[in-house]
Amino acid sequence: MTTTNTPPAPPVLHVDPFTPEVLLDPYPFHQSLREAGPLVWLQSHRIYATGRHVEAQAVLSQWTRFTNAAGAGMADIRKPGNWRPPSVILESDPPQHTQVRGALQKILSPLVVRQWREKFSVRAEAMADELVQRGEFDGMRDASEAFVLSVFPPAVGIEIPTENARAIGDMNFNAIGPNNSLTQASAERAQPYMKWYEDSMQRSAMLPGGFGDLIYQAEDDGALPKGVAANLTRTFLRGGMDTTISGIGAALHALARNPAQWDMLREQPQLAAKAFDEGIRYDAPVQVMFRTTCEGIELGGIQLAPDTKIAAFIGAANRDPRQWENPERFDLRRKSAGHLAFGAGPHVCIGQMIARLEAECLIGALARRCRTLALAGDPVFRPINTLRMIDRLPLRVQPA
Ligand code: HEM
């Protein structure tokens with residue numbers, strides 16, 4: 001009898017997850033990714049990927065095995081030709097990461113976040129009054145996007161026109177993925193706004209009292225290394241704007257499709273934050289993030305060489321039937337804790353309290369005013385390489 005020592009090869013998938021067709025309807029791809037195996041070779045981009053919860057969580061959280069210093073996107077930013085500066089917080093490992101994260105955590109303390117509640121809530125109540133009066137509205141342009149852009153950039157300390165926000169956001173979340181036609185087209189669309197974007201991160205442009213101002217003060221006090229404030233403020237704005245717009249949109253979409261869930265929320269508006277969490281489990285805003293192996297390691301039974309990129313498909317893991325019962329069901333009674341929409345491990349989203357607060361204010365304000373919430377037409381999605389984004393969400397409400 002002969003034995004071979006050939007290491008097992010991963011299953012191979014030929015579908016390209018970053019085409020508009022797949023991005024507009026990612027669920028069949030998610031299923032084939034999960035069912036092919038714990039770790040899969042994506043031939044279209046010559047990269048490893050996982051769509052299972054256990055492995056995706058391990059890749060995102062085990063920083064001694066999977067580094068962020070090679071970039072949290074598909075490209076290895078240590079290689080020649082890299083065109084963008086790494087994010088000081090997201091694209092670093094401990095101990096550098098620990099210091100920066102510690103300083104930011106103070107800036108985002110529960111006390112500071114609580115101080116924004118009143119402002120967010122006043123805006124949400126006024127907006128909900130107006131939307132209920134209109135009866136029909138776009139859940140993205142008139143509700144989620146309008147609300148987030150009116151409260152979050154000012155909390156960071158920046159005023160950002162909608163067109164600038166959309167162009168820059170699309171560019172950022174396309175660029176985390178491959179350098180394909182979506183990335184190139186969105187970079188071109190964002191070009192006219194880039195100078196404005198860079199200038200608006202400078203200290204002189206910050207509104208006093210916002211998170212950006214506090215980041216610059218932390219740099220002055222020595223809590224942050226010199227020269228990182230503009231970079232961190234950019235990561236803050238970039239990380240918190242489109243993601244929250246997407247997440248509130250996902251929750252409104254799911255609620256509009258599930259009248260019994262809306263009834264439950266209407267009877268208990270205090271479930272608004274829960275509706276948001278289940279909404280982002282069900283349709284994760286950030287669909288995929290990347291890590292790079294530190295040294296030869298094994299994952300899902302496959303031996304990986306050092307410096308190997310891996311795509312962790314959060315959107316697929318959040319519906320992994322190995323982790324969730326009836327994952328395709330949007331259910332407010334579910335324990336959604338453990339979903340990966342905010343990531344996992346040392347880089348888990350530092351702004352999640354702010355995102356939850358925004359969502360709770362807007363969704364709660366609508367739930368207290370509307371007897372019904374329903375789709376008034378088909379939603380239209382906007383394909384972005386790494387972000388699930390509804391572009392248009394026609395909604396109809398009836399007052400309570
Ligand atoms: C629904 C809303 C949001 C979603 C879905 C989301 C998602 C995520 C995810 C998946 C990560 C981890 C990325 C990785 O490990 O590669 C992350 C990290 C981060 N997020 Fe969020 N985010 C949201 C809102 C926010 C907000 C409101 C802010 C700012 C106030 C923010 C700031 C950040 C920052 C600075 C990091 C990097 C943390 C680190 O590297 O230690 N995010 N977010």
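Indexing begins at 1, ligand by ligand and atom by atom, following the structure's order.
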Are there any protein N or O atoms under 3.5 Å from the N or O atoms of ligand 1? List them with distances, or say none.
from, atom 1, to, atom 2, distance (Å)
ligand 1, 15 (O), Arg291, NH2, 2.6
ligand 1, 16 (O), Arg291, NH1, 2.9
ligand 1, 16 (O), Arg291, NH2, 3.4
ligand 1, 40 (O), Ile89, O, 3.4
ligand 1, 40 (O), His347, ND1, 2.6
ligand 1, 41 (O), His97, NE2, 2.7
ligand 1, 41 (O), Arg101, NH1, 2.7
ligand 1, 42 (N), Gly239, O, 3.3

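- The residues Lys274 and Asp277 are annotated as not salt-bridged, no charged nitrogen and carboxylate oxygen being separated by less than 4.0 angstrom.
- Cation-pi geometry between Arg123 and Phe147 is not met: the NZ or CZ atom fails to fall both under 6.0 Å from the ring centre and inside 45° of the normal.
- In this structure Glu188 satisfies the salt bridge (charged side-chain N to carboxylate O under 4.0 Å, His left out) test with no other residue, sequence neighbours excluded.
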Side chain to side chain donor-acceptor pair (under 3.5 Å) between Asp283 and His253, intermediate numbers included: CA-CA 10 Å; Asp283 246 337; His253 182 211; 4.6 Å; no
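- In this view, Asp93 satisfies the salt bridge (charged side-chain N to carboxylate O under 4.0 Å, His left out) rule with no residue, not counting sequence neighbours.
- Considering only residues two or more places apart in sequence or on other chains, Gln184 meets the side-chain contact (heavy atoms from CB on, under 4.5 Å) condition with Asn179.
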